Amino acid sequence: MFKSFQRFCQDFSLQNNNRLFFLGISLLLLLMAQPATAHHAFGGQIPKNFFEGFLSGLAHPIIGIDHFAFILSMGLIAASILGGIWIIVGFLGAAMLGTAIHLMSFNLPVPEVAIALSVITIGILLVLKKQLPLALLITLASVAGLFHGYAYGESIIGAGMMPLISYLAGFTLIQLGIAGATMKLAQSFQQTLENSKYSLIKYSGFAVVAIGVIALSSAITG
């Protein structure tokens, strides 16, 4: 009986430590959250050459914690379904289209709100562990990609062709790398992530939802 009680205490302690860890990560992410269209790798200056364009493209999805949270979450979602890589491909293709739409001076309605809602939505999917059809997930990721890409376009308006091309290459490669690596890692450690005692995916989803809510509040009030 004493051993059973001791085991219970150990399990309780592990769960609480795990929750405290993810609470700390969540608070850190929340403190870093900023409106999606405000992120510029060169402080708002337009890239002038291939190198600056490429660096700006690499940095933009990482500087914005809302973008970054979505990309990581997309990798986790993709890991849970056969053919999940097409979710990432759909997002990346739509993101490039969204940037092109911005550069052609076409306006998408309330992009900051749409980006925040996309973050909230993918966070909810992680929390609920909802298995949606692949085609629907690709569609949702593509719609989100349009708005994320539209926001990326803000940093490159007015740039020449060479930095524009390198910018597109940069943000496509960094997002593919992050989402792809997350997908592969999640597949490799699937048993640990899905363990009902720890629910790492679920805790991550709560953090992502919180980031989306902060971004939504900033978009509405800002």
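Note that the structure is predicted; figures quoted are calculated from it, not measured.
Residues that satisfy the side-chain contact (heavy atoms from CB on, under 4.5 Å) test with Ile157, not counting sequence neighbours, are His102, Leu103, Glu154.
Atom-to-atom distance recorded for Ile71:CD1 and Ile174:CD1 is 8.0 Å, nearest 0.5 angstrom. In this structure, CD1 in Ile201 is found 4.5 Å from CG in Leu76, a value given to the nearest 0.5 Å. To the nearest 0.5 Å, atoms OG1 (Thr182) and CD (Gln187) are separated by 11.0 Å. One finds the CG atom of Asp66 at 11.0 Å from the CD1 atom of Ile120 (value rounded to the nearest 0.5 Å). Separation of atoms CZ (Phe70) and CD1 (Ile122) is listed at 4.0 Å; rounding is to 0.5 Å. Expressed to the nearest 0.5 Å, how far CG of Leu164 lies from CD1 of Ile46 amounts to 11.5 Å.
What you find for Ile115 and Ala151 is that their closest heavy atoms are CD1-CB, 3.6 Å. Nearest heavy-atom pair, Met74 versus Ala179, reported as atom, atom and distance to 0.1 Å: CE-CB, 4.1 Å. Residues Ala159 and Pro47 come closest through the heavy atom pair CB-O, 3.8 Å. Taking every heavy atom of both residues into account, Gly84 and Met183 meet most closely at C-SD, 4.3 Å.
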Practice item. Apply side chain to side chain contact (heavy atoms under 4.5 Å, CB included) to the pair Leu134 and Leu82, showing each step before the final yes or no. Key: CA-CA 8 Å; Leu134 178 61; Leu82 185 65; over 6 Å; no
**Study point:** Steps toward side chain to side chain contact (heavy atoms under 4.5 Å, CB included) verdict (Asn107, Tyr150)
**Key:** CA-CA 9 Å; Asn107 293 322; Tyr150 185 87; 3.2 Å; yes
Check your understanding: side chain to side chain contact (heavy atoms under 4.5 Å, CB included) between Leu176 and Val89: does it pass, once the steps are laid out?
Key -> CA-CA 8 Å; Leu176 177 61; Val89 171; 5.8 Å; no
Practice item. Take Ile88 and Ile85 through the test side chain to side chain contact (heavy atoms under 4.5 Å, CB included) and record every step on the way to the result. Key: CA-CA 5 Å; Ile88 300 171; Ile85 187 63; 4.1 Å; yes
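A donor-acceptor contact shorter than 3.5 Å is absent between the side chain of Ser142 and the backbone of Ala94. A distance-only check finds no donor-acceptor pair linking the side chain of Ser56 to the backbone of Glu52 [under 3.5 Å]. Side chain of Ser166 to main chain of Phe54: a donor-acceptor pair is present (N/O by atom type, distance under 3.5 Å, no hydrogens or angles). Looking only at distances, a side-chain donor or acceptor of Gln131 sits under 3.5 Å from a matching main-chain atom of Ser80.
In Lys184, the NZ atom is not crowded: 12 or fewer heavy atoms of neighbouring residues, nucleotides or ligands sit closer than 6.0 Å. Surrounding CE of Met104 are more than 12 heavy atoms belonging to other residues, nucleotides or ligands, all under 6.0 Å away.
Two residues are said to be in side-chain contact when any heavy atoms from C-beta on lie closer than 4.5 Å; Phe68 and Ile65 meet this criterion. Proximity of Pro133 to Leu136: side-chain heavy atoms (C-beta onward) are separated by under 4.5 Å at one or more points. Side-chain atoms of Leu72 and Val208, non-hydrogen and from C-beta on, never get closer than 4.5 Å to each other. Counting heavy atoms from C-beta on, the side chains of Lys202 and Leu126 never come closer than 4.5 Å.
The only option from Thr139, Leu140, Ile138 that meets the side-chain contact (heavy atoms from CB on, under 4.5 Å) definition with Ile87 turns out to be Ile138. Checking His67, Gln175, His60 one by one against His148, the side-chain hydrogen bond (donor to acceptor under 3.5 Å, both in side chains) holds for a single residue, His67.
Residue pairs satisfying the ring pair (Phe, Tyr, Trp, His ring centres under 6.0 Å) criterion with at least one member in residues 157-188, sequence neighbours excluded, are listed as follows: Tyr152-Phe171, Tyr167-Phe171.
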